[in-house]
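Written out below as structure tokens is the structure these notes cover.
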Amino acid sequence: MSSPLPPVSQVGLRLQGLLRSRLPGCASSQLRRRRSLKAAAGISVPRPRQRLDGRRLRAAPASAASPPQLSSIQSVVLDIEGTTSPISFVTDVLFPYARDNVRKHLEATYGTDETGDDIALLRAQVEQDLAEGLAGAVPVPPEEAGKDAVIDALVANVEAMIKADRKITSLKQLQGHIWRTGFEGQEIKGVVFDDVPPALEKWHASGIKTYIYSSGSREAQRLIFGNTTYGDLRKYLCGFFDTTVGTKREPRSYYEIWQSVGVDRPSQILFLTDVYQEATAAKAAGVEVLISIRPGNTPLPENHGFQTITTFAEILT
């Protein structure tokens with residue numbers, strides 16, 4: 001059970017309008033007084049929706065030291081896990097499917113060009129891991145050792161990588177190819193939160209270009225959004241970014257995305273994520289940020305300084 005709210009003076013409850021409302025008088029002093037009194041009494045106060053067109057925005061939380069100005073947003077970049085989709089979909093569906101089918105996939109596709117590329121990437125990563133003394137890394141024998149010996153070593157390494165939840169291109173590329181089989185065979189369906197499809201549709205209709213940026217491969221991203229329980233959502237998306245542009249906790253990655261999406265300034269991009277370190281990196285690159293609060297997400301640091309949302313409905317145009 002949550003503890004009672006401390007006095008308003010202690011928590012500093014203050015509604016801060018980010019942009020002027022299009023309707024005169026909707027933020028009148030009388031309305032502000034009523035909302036303040038309700039907040040002081042511990043009564044939940046409904047939050048107005050944020051708007052990408054700048055006409056009406058949700059009040060900034062006390063932790064948002066510099067709330068983003070959304071009136072000039074031209075592109076939205078979305079994280080997947082914890083933002084568009086439940087973390088449980090990734091941890092309880094996608095990861096186990098890849099882990100349980102890695103041997104079957106390698107045995108069925110061994111000798112193809114695609115799997116040859118996957119193995120080459122994995123070999124290079126394993127060699128780096130061995131040189132760094134990384135736990136779980138085992139040498140991959142040369143092809144002359146035979147198919148079974150190579151696959152045994154690859155499976156051991158991939159299982160260790162999945163267990164450690166590593167965000168590396170070699171693993172993500174192979175996982176994408178394994179998931180393809182699952183999606184094509186209707187064994188897997190992409191899961192997104194209920195508020196995601198209508199938001200994507202409205203942003204698309206408003207001319208706001210939407211992209212995905214995930215540590216999962218671009219192929220995996222296309223599979224997830226092309227095979228959701230709501231149908232194919234790729235028609236609302238303009239592109240996909242993965243770790244080939246850089247890791248999600250480096251500002252340089254968001255600079256590269258800015259260079260790719262065709263806007264004049266990074267501040268014309270809005271990035272939505274559930275990870276504080278990703279939000280910090282994007283902000284350092286000049287990108288506007290909102291943090292997604294969803295069930296099962298990792299708690300944020302106290303006084304994190306970012307504006308938050310619990311549903312995309314708060315930022316519908």
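All figures in this text were calculated on a predicted structure; none of them were measured in a lab. The figures that follow rest on heavy atoms only: side chains count, while hydrogens, waters and symmetry mates do not.
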Check Arg218 against Phe240 and note the closest heavy-atom contact, atom names and distance. CD-O, 3.3 Å

Electrostatic pair Arg103:Asp148 at N-O distance under 4.0 angstrom: no

Would you say the side-chain atoms of Thr243 and Thr169 include a donor-acceptor pair closer than 3.5 Å? yes

Working for salt bridge (Lys or Arg N to Asp or Glu O under 4.0 Å), residues Asp165 and Lys167: CA-CA 6 Å; Asp165 191 19; Lys167 313 294 186 181; 3.2 Å; yes

Testing the 3.5 Å rule here: is there a donor-acceptor pair between the side chains of Ser88 and Thr91? no

Any side-chain donor-acceptor pair under 3.5 Å between Asp264 and Gln268? no

Salt-bridge criterion met for Glu159 and Arg99 (N-O under 4.0 Å): no

Are the charged groups of Arg123 and Glu143 less than 4.0 angstrom apart, N to O? yes

Using modelled atom types and a 3.5 Å cut-off, is there a donor and acceptor pairing between side-chain atoms of Thr228 and backbone atoms of Tyr230? yes

Examine the side chains of Thr310 and Glu314 and answer whether a donor and an acceptor come within less than 3.5 Å of each other. yes

Does Glu219 pair with Lys172 as a salt bridge, N-O distance under 4.0 Å? no

State whether the side chain of Ser253 and the backbone N or O of Thr247 hold a donor-acceptor pair below 3.5 Å, judged by distance alone. yes

